[in-house]
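Comments concern the structure below.
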Amino acid sequence: MIVVMQHGATARQIADVIARIEQDGYKAHLSEGEERTIVGVVGESPTPLRQEHYETQPGVDKVVRITEAYKLASRTFHPATTLVPLNGTQVGGKKIPIIAGPCSVESREQIIETACAMLEAGATALRGGAFKPRTSPYSFQGHGEKGLQWLAEARDITGLPIVTEVMDASQVEMVCHYADVLQVGARNMQNFTLLNAVGQSQHPVLLKRGMSATVTDLLMSAEYILANGNTRVMVCERGIRTFETATRNTADINAIPVLKQKTHLPVVFDPSHATGKSEYVESLSLAAVAAGVDALIIEAHLDPANAMSDGRQSLTPEQLTKLVAKVRRVAEAVDRMA
Ligand code: PEP
Ligand code: MN
């Protein structure tokens, strides 16, 4: 349930509504929009919520039931798109930032050289995994903290903020120390201990959709992070498992407008894991921008043929430069910029 306050409701009236919610045994979540304040009622309590008790309180305009299972992630609760800070720019506004970089951080030289190439190609942020969730335990697992240090060095040189994966709750503090955005990978979308831990940090989180997760599952996972007090959450479509084998995953472009309608959280698209093949990455990036996405996360490598992971889907810096130019034209066509 949400309590929508009238235009110009006083701080006292808002405080009274919050006091009533707490008295009934629920938690109040304040969302102060430009137009009006919305107070969300979440949690469980033996006291039933009586809509009419709230409707008659001074300063209240109306009371609306949120029918979805997710509350804080719902656009009903927070009508304006949330802006997630990304080192001087934001995700969720007019600009569509492009996060680019290798699947894995392979060496100090590789990540620094790649960061410079990404900056030159027009990227806004650098991606790269130091902790890699690999299907096989025999595949390269990442350089761990050393990889994070190299990423931080690459940021110092280029100014590009760092997006990197955190695989376990015990690593959150360490990854926060080096990274600007915590990536929660598809395989960990329902690792609730990890979701609680990233929710307790105030670091921006890029939450990827699990390969067999529905849009609702994704938003329920986002809800965990929000319920822990971290409002800086982005949700990312990265392709889902279907019967189709021509591509690594199936890009669920539908999910972009659906998510934009259902949630106020910025929506990111990953064309690299969605297709698994570099030759399809540009087309899908353009489609995602046309569909209303707020940011792109793209894998790029200086030498894709010799990448330690996901080379087949990685663009060269030259290919990324061409993609950025085309993305800019489509962005302009839909009243955005890249
Ligand atoms: C990645 O970004 O390299 C990655 C492992 O992505 P996902 O979790 O979407 O598979
Ligand atoms: Mn990858």
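For clarity, every value in this text was computed on a predicted model and none was experimentally measured. Whatever order the structure lists ligands and atoms in, that order sets their numbers, starting from 1.
Using a 4.5 Å cut-off on side-chain heavy atoms (C-beta onward), C236 and L207 make no contact. Contact of the L126 side chain with the P161 side chain is not registered, since no non-hydrogen atoms from C-beta on lie closer than 4.5 Å. The shortest side-chain heavy-atom distance between W150 and E145 does not fall under the 4.5 Å cut-off. In this structure, M5 and D61 have side chains that are not in contact, with every pair of non-hydrogen atoms separated by 4.5 Å or more. Counting only heavy atoms from C-beta outward, the side chains of L219 and L259 approach each other to under 4.5 Å.
Scanning the protein heavy atoms around atom 9 (O) of ligand 1, the nearest turns out to be R238 NE, 2.7 Å. Taking atom 4 (C) of ligand 1 as the reference point, the nearest protein heavy-atom neighbour is H273 NE2, 3.4 Å. Counting only heavy atoms of the protein, atom 8 (O) of ligand 1 lies nearest to A186 N, 2.7 Å.
A donor-acceptor contact closer than 3.5 angstrom is absent between the side chains of T214 and T216.
Close contacts between ligand 1 and G185 involve ligand atoms 8 (O) [criterion: under 4.0 Å to a heavy atom]. For ligand 1, the atoms lying closer than 4.0 Å to a non-hydrogen atom of R187 are 7 (P), 8 (O), 10 (O). Set against the non-hydrogen atoms of C103, the atoms of ligand 1 under 4.0 Å away are 3 (O).
Geometry about the Mn ion (ligand 2) gives an angle of 90° between OD2 of D310 and SG of C103, rounded in steps of 10 degrees.
Linking ILVMFWY residues whenever their side-chain heavy atoms come closer than 4.5 Å, directly or via other members, places I253 and V215 in the same cluster.
One option in K208, K132, R248, M211 has a heavy atom closer to atom 7 (P) of ligand 1 than any other, and that option is K208.
On a distance-only criterion, D270 and ligand 1 share no N/O pair closer than 3.5 Å. The N/O atoms of P133, backbone and side chain alike, include none that comes under 3.5 Å of an N/O atom in ligand 1. Residue contacts with ligand 1: D310 is placed with no nitrogen or oxygen under 3.5 Å of a nitrogen or oxygen of the ligand (distance criterion only).
Ligand 1 has no atom lying under 4.0 Å from any heavy atom of R209. Within the structure, the closest approach of G129 to ligand 1 does not fall below 4.0 Å when heavy atoms are considered.
For the side-chain hydrogen bond (donor to acceptor under 3.5 Å, both in side chains) with R75, the lone residue among T81, T82, T263 that qualifies is T81. Of the listed residues (R238, K208, R209), just one forms a salt bridge (Lys or Arg N to Asp or Glu O under 4.0 Å) with D270, and that residue is K208.
When you scan the N, O or S atoms of E299 for the one nearest the Mn ion (ligand 2), you land on OE2.
Contacts with ligand 1 closer than 4.0 Å are made by side-chain heavy atoms of E299 only, the backbone lying farther away.
Salt bridge R312/E279: present, at least one basic N to carboxylate O contact under 4.0 Å.
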